[in-house]
Amino acid sequence: MSVGMAAPRAPYACDPDRSRGRLVAEPPSRTRSPFRRDCDRVIHSTAFRRLKYKTQVFVFHEGDHYRTRLTHSLEVAQIARALARQLGLDEDLTETLALAHDLGHPPFGHAGERALDACLKKFGGFDHNAQALRVVAALEHRYPEFDGLNLTWESLEGIVKHNGPLTDRSGTPVGRYREHGVPVGIAEYIKAYDLELWSFASLEAQVAAIADDIAYDAHDIDDGLRAGLFHLDDLKVMPLTAEIIAETSAHYPDLEDVRRGAELVRELISHLIGAVFAEAQKSLAAVKPQSAQDVRQQSRALIAFPAEVAEEEAAIKRFLYQHMYRHKRVMRVMAEAEQILFDLFAKYLTSPDELPPEWLVGAEADNEGDRARRIGNFIAGMTDRFALTEHQRLFDSTPDLR
């Protein structure tokens with residue numbers, strides 16, 4: 001099969017006709033599969049539109065060409081669909097998970113997440129996957145018969161577990177959740193709708209997760225070059241990017257740096273997608289899963305980089321951490337962004353009447369934890385732009401974040 005050609009539906013793909021359904025039963029759509037319906041609901045959600053003005057690395061007003069959470073999510077979806085097509089997976093479910101994976105991110109990227117986690121530390125902290133679940137299960141108010149988007153079990157599972165199981169079969173938290181436990185929003189939700197936190201998610205979810213890695217490795221290089229945080233030749237310290245740069249120079253010796261950088265990004269994405277596809281074929285041939293449930297029962301993820309490529313990809317992350325995420329210019333802006341959210345949280349906590357009226361419905365019954373979580377939900381939904389506007393409204397001085 002040539003790369004890019006759609007494979008027939010694989011036995012291990014999630015079958016929309018066999019979906020476990022929705023928490024609130026609905027009549028089926030006459031024209032769309034359950035997973036296509038999920039994807040359309042994500043695209044039409046308010047939270048998805050807000051990603052347009054949420055930071056990926058650079059605050060929205062620092063430049064028109066830098067990625068935002070929205071453009072990042074679209075790039076993840078493109079990569080994820082390409083992999084799903086080659087592997088015979090359900091493209092609609094894959095796209096749903098790719099587009100929804102960042103719905104829980106607050107303004108100002110990881111700086112915003114750190115700030116909210118600190119503000120909510122006494123009340124279970126902040127986790128963007130748990131917040132994404134809150135968005136699609138409760139915080140969207142678009143339908144007359146339920147809160148949230150009422151997505152299928154498979155979509156909810158993928159949002160929560162795309163990075164792997166959260167617990168073992170006994171319910172003991174594992175991995176990144178071992179120290180602090182399962183995030184409160186997820187722990188509460190599974191009492192009503194069990195997402196089987198002990199199992200791996202579908203291959204569609206695993207593909208969306210690795211597509212996220214591929215997308216931000218590539219586009220953060222692109223944005224870092226555009227911002228002048230590092231130069232193309234600086235990337236020669238890594239064998240993979242050095243090889244791509246050398247091959248580009250051999251084929252196009254007079255190419256200007258902007259096009260050389262774009263060619264690097266394009267070839268890097270192609271290399272990583274090809275490596276994941278080849279490794280997935282090996283894993284699937286070894287395990288021979290005959291259903292999506294067989295995939296969930298495995299002891300490891302079946303979608304992964306080969307060992308050698310995993311090392312190459314880790315080297316890219318280390319380079320970006322040192323030269324981009326920890327760059328003094330980015331660090332200064334993100335420190336100021338964190339303080340903006342600290343200020344807003346403290347202000348709403350002492351003066352809850354500053355919240356919009358719709359966010360105060362039912363607030364009279366809140367205890368301290370409920371009030372803090374209500375404020376956290378409000379701030380998490382903010383765009384960068386709205387957070388700055390609110391800070392300007394409530395405080396005498398607001399940093400410019402440039």
Parallel, tilted or perpendicular: rings of H128 and H105 (30°, 60°): parallel
Working for side-chain contact (heavy atoms from CB on, under 4.5 Å), residues T152 and F35: CA-CA 7 Å; T152 61; F35 300 152; 3.7 Å; yes
So, do [X] and [Y] sit near enough that their side-chain heavy atoms are less than 4.5 Å apart?
| X | Y | value |
| --- | --- | --- |
| I379 | L341 | yes |
| I221 | L264 | yes |
| K121 | F123 | no |
| L139 | Q131 | yes |

Shortest non-hydrogen contact between A10 and L87, atoms and distance: CB-O, 3.7 Å
Closest heavy-atom pair and its distance - S73, D102: OG-CB, 4.2 Å
Under 4.0 Å between a side-chain nitrogen and a carboxylate oxygen: does that hold for [X] and [Y]?
| X | Y | value |
| --- | --- | --- |
| D233 | K236 | yes |
| E354 | R393 | yes |
| D38 | R22 | yes |
| E263 | R260 | no |
| R176 | D127 | yes |
| R114 | E338 | yes |

F395 atom CZ, neighbour heavy-atom count above 12 within 6.0 Å: yes
Under the side chain to side chain donor-acceptor pair (under 3.5 Å) test, residues paired with T167 that sit two or more places apart: none
Check: [X]/[Y] side-chain N/O donor and acceptor closer than 3.5 Å:
| X | Y | result |
| --- | --- | --- |
| H323 | D234 | no |
| E390 | Y348 | yes |
| E154 | S19 | yes |

Short side-chain to backbone donor-acceptor contact, R81 and E95, under 3.5 Å: no
Worked verdict on F319 versus F230 for ring pair (Phe, Tyr, Trp, His ring centres under 6.0 Å): CA-CA 10 Å; F319 178 92; F230 48 84; 5.1 Å; yes
Working for ring pair (Phe, Tyr, Trp, His ring centres under 6.0 Å), residues H101 and H72: CA-CA 10 Å; H101 82 281; H72 163 69; 5.2 Å; yes
Using distance only, find each side-chain donor-acceptor pair of residues 39-48 under 3.5 Å and give its atom names and separation, not counting sequence neighbours.
{"unit_1": "D40", "atom_1": "OD1", "unit_2": "R36", "atom_2": "NE", "d": "3.1"}
{"unit_1": "D40", "atom_1": "OD1", "unit_2": "R36", "atom_2": "NH2", "d": "3.0"}
{"unit_1": "D40", "atom_1": "OD2", "unit_2": "R32", "atom_2": "NH1", "d": "3.1"}
{"unit_1": "R41", "atom_1": "NH1", "unit_2": "E26", "atom_2": "OE2", "d": "2.9"}
{"unit_1": "R41", "atom_1": "NH1", "unit_2": "L149", "atom_2": "O", "d": "2.8"}
{"unit_1": "R41", "atom_1": "NH2", "unit_2": "E26", "atom_2": "OE1", "d": "2.7"}
{"unit_1": "R41", "atom_1": "NH2", "unit_2": "E26", "atom_2": "OE2", "d": "3.4"}
{"unit_1": "S45", "atom_1": "OG", "unit_2": "V42", "atom_2": "O", "d": "2.7"}
{"unit_1": "S45", "atom_1": "OG", "unit_2": "F48", "atom_2": "N", "d": "3.2"}
{"unit_1": "T46", "atom_1": "OG1", "unit_2": "R142", "atom_2": "NH1", "d": "3.3"}

